[in-house]
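Below: one structure, written as structure tokens.
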Amino acid sequence: MPELPEVETLCRQLNAIISGKKIIKVEVLDRRLGDIEGVAGGRVAAVVRRGKTIEIRLDETTFEIHLRMTGRLLWQDETGPPPPHTRLVVSFSAGRLLLIDPRRFATCRVRTEAPPAALIENPLAGLPAGRLREIARGRRLPVKNFLMDQRLVAGIGNIYACEILHEAAVDPRRPACSLAQAQWRRMEKAAAIILPRAVECRGTTVSDWRDLFGAGGTNQDHLRVYAREGSACPRCGGRIERAKLAGRGTWFCPACQK
DNA sequence: TATAATGTTAGACT
DNA sequence: AAGTCTAACATTAT
């Protein structure tokens, strides 16, 4: 569910609240999350985003959380009964962090070494046209799948891939290697508009995204194509269509996205 | 009842 | 060999 802007929102909120604090207890309520009780006793140095992964950096190791499709993090000041689908409880002296995940796809791990970096590590800091073109050389997969490949570009998922491609007026089905230089430049510009705005809006709440304190984001007010099949394209008035790419719903305007 | 859901990846295929 | 595609993961909502 959460993509780069949503994960960025959580990391910023977490930083403000747990940096410098000690983890006093870890309760794993879903065995599939694995053996992570070892992080109990650690002190949080900082919380950092890597793509869609949340890195809780402790003094010695890094505790990572990936929310996948339906994972949420929720901060609670008081201890009450945890909400349904709570899979993990990380307690601090002043409150606790809950991982809630109906579909149970979310994952956690403890690591000491950094994994291999994506070719473009942080599109929030820029999605440079020149690099995109260079990486896309010889790759015939659809440009939307290219953008969503986490080994290539870290953090972009289905909503923001659709929105960036619309803003850049590029057809999501085009082979990545076939884009002209001018189109890559438009992609760079589009990302520089869409991603920072989504972060300012604290993410996109179309169904169930909530921030660390349970509040929805407001970026859904800025969506132009995602889940808008049949409505009019805000740029050219054409009809927004839905296709399937890499098994995912893909919304675009065939009239102005070339 | 069938389908789709904001993600990733192992294994199959080219 | 490297690039690409598909099914699977588990559950809820429409």
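Only heavy atoms go into these numbers, but all of them, side chains included; no hydrogens, no water, no symmetry mates. All of these numbers come straight from a predicted model, not from anything done at the bench. Throughout, a chain's letter reflects where its sequence line sits, starting with A, and its residues are numbered from 1.
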Considering only heavy atoms from C-beta outward, does the side chain of [X] approach that of [Y] to under 4.5 Å?
X	Y	value
A:His166	A:Cys233	yes
A:Arg32	A:Arg104	yes
A:Glu134	A:Trp184	no
A:Arg235	A:Gln257	yes
A:Arg12	A:Val199	yes
A:Thr62	A:Ile56	no
A:His66	A:Thr53	yes

Return no unless some side-chain N or O of A:Arg140 is found under 4.0 Å from OP1 or OP2 of B:dT14.
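No, no such contact exists.
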
Using a cut-off of strictly less than 4.0 Å, decide whether A:Arg242 has a side-chain nitrogen or oxygen near OP1 or OP2 of B:dT3.
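So the side-chain polar atoms of A:Arg242 never come under 4.0 Å of the phosphate oxygens OP1 or OP2 of B:dT3.
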
Between the main-chain N or O of A:Gly230 and the side-chain N or O of A:Arg239, is there a donor-acceptor pair closer than 3.5 Å?
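Answer holds: yes.
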
Is a donor on one side and an acceptor on the other found under 3.5 Å between the side chain of A:Gln150 and the backbone of A:Ile156?
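Such a contact is found between A:Gln150 side chain and A:Ile156 backbone.
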
Given atom [atom1] of [X] and atom [atom2] of [N], what is their separation to the nearest angstrom?
X	N	atom1	atom2	result
A:Lys144	C:dC5	NZ	P	13 Å
A:Asp149	C:dA2	CG	C1'	13 Å
A:Ile159	B:dA5	CD1	P	11 Å
A:Arg32	B:dT8	CZ	C1'	12 Å
A:Tyr226	B:dG7	OH	C1'	12 Å
A:Arg248	C:dC5	CZ	P	15 Å
A:Arg174	C:dT4	CZ	P	16 Å
A:Leu141	C:dA2	CG	P	17 Å

Stacking of A:Phe105 on B:dT8 base (centres under 5.5 Å, planes under 30°)
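Not stacked: fails the 5.5 Å / 30° test.
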
Going by the angle between their ring planes, with limits at 30° and 60°, are A:Tyr226 and A:Trp251 parallel, tilted or perpendicular?
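Perpendicular: the ring planes of A:Tyr226 and A:Trp251 meet at over 60°.
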
Looking only at side-chain atoms of A:Pro142, point me to the closest of B:dT8, C:dC5, C:dC9.
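Nucleotide nearest to A:Pro142's side chain: C:dC5.
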
Within 6.0 angstrom of A:Arg228 CZ, more than 12 heavy atoms from elsewhere
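Counting neighbours around CZ of A:Arg228, 12 or fewer heavy atoms of other residues, nucleotides or ligands fall under 6.0 Å, so no.
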
What do you reckon, is CZ of A:Arg133 surrounded by more than 12 foreign heavy atoms closer than 6.0 Å?
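No, because the 6.0 Å sphere around CZ of A:Arg133 holds 12 heavy atoms or fewer from other groups.
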
Under-3.5 Å N/O pairs linking protein and nucleotides 11-14 of chain C:
residue, atom, partner, partner atom, Å
C:dT11, OP1, A:Arg104, NH1, 2.6

Mind checking if A:Arg151 touches a base, just sugar-phosphate, or nothing, with heavy atoms under 4.0 Å?
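No contact.
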
Touch check for A:Ser207, heavy atoms < 4.0 angstrom, all strands: base, sugar-phosphate only, or nothing?
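Contact class for A:Ser207: base.
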
C:dA13 and B:dT8: how far apart are their P atoms, nearest whole angstrom?
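My reading of the P atoms in C:dA13 and B:dT8 gives 23 Å.
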
Nearest-angstrom distance, P atom, B:dT9 to C:dA1:
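Roughly 23 Å separates the two P atoms.
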
Applying a 3.5 angstrom cut-off to the pairing atoms, does DNA chain C sit in any stems of at least three consecutive Watson-Crick or G-U pairs? List them by first number.
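Looking at DNA chain C, the stems formed by three or more consecutive pairs are B:2-5 with C:11-14, B:7-14 with C:2-9.
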
Residues from residues 108-132 of chain A lying under 4.0 Å of DNA chain C - heavy atoms:
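The answer is none.
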
Tell me which of A:Thr70 and A:Ala246 sits closer to the 5' end of DNA chain B, going by the nucleotide each one is nearest to.
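The 5'-side residue here is A:Thr70.
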
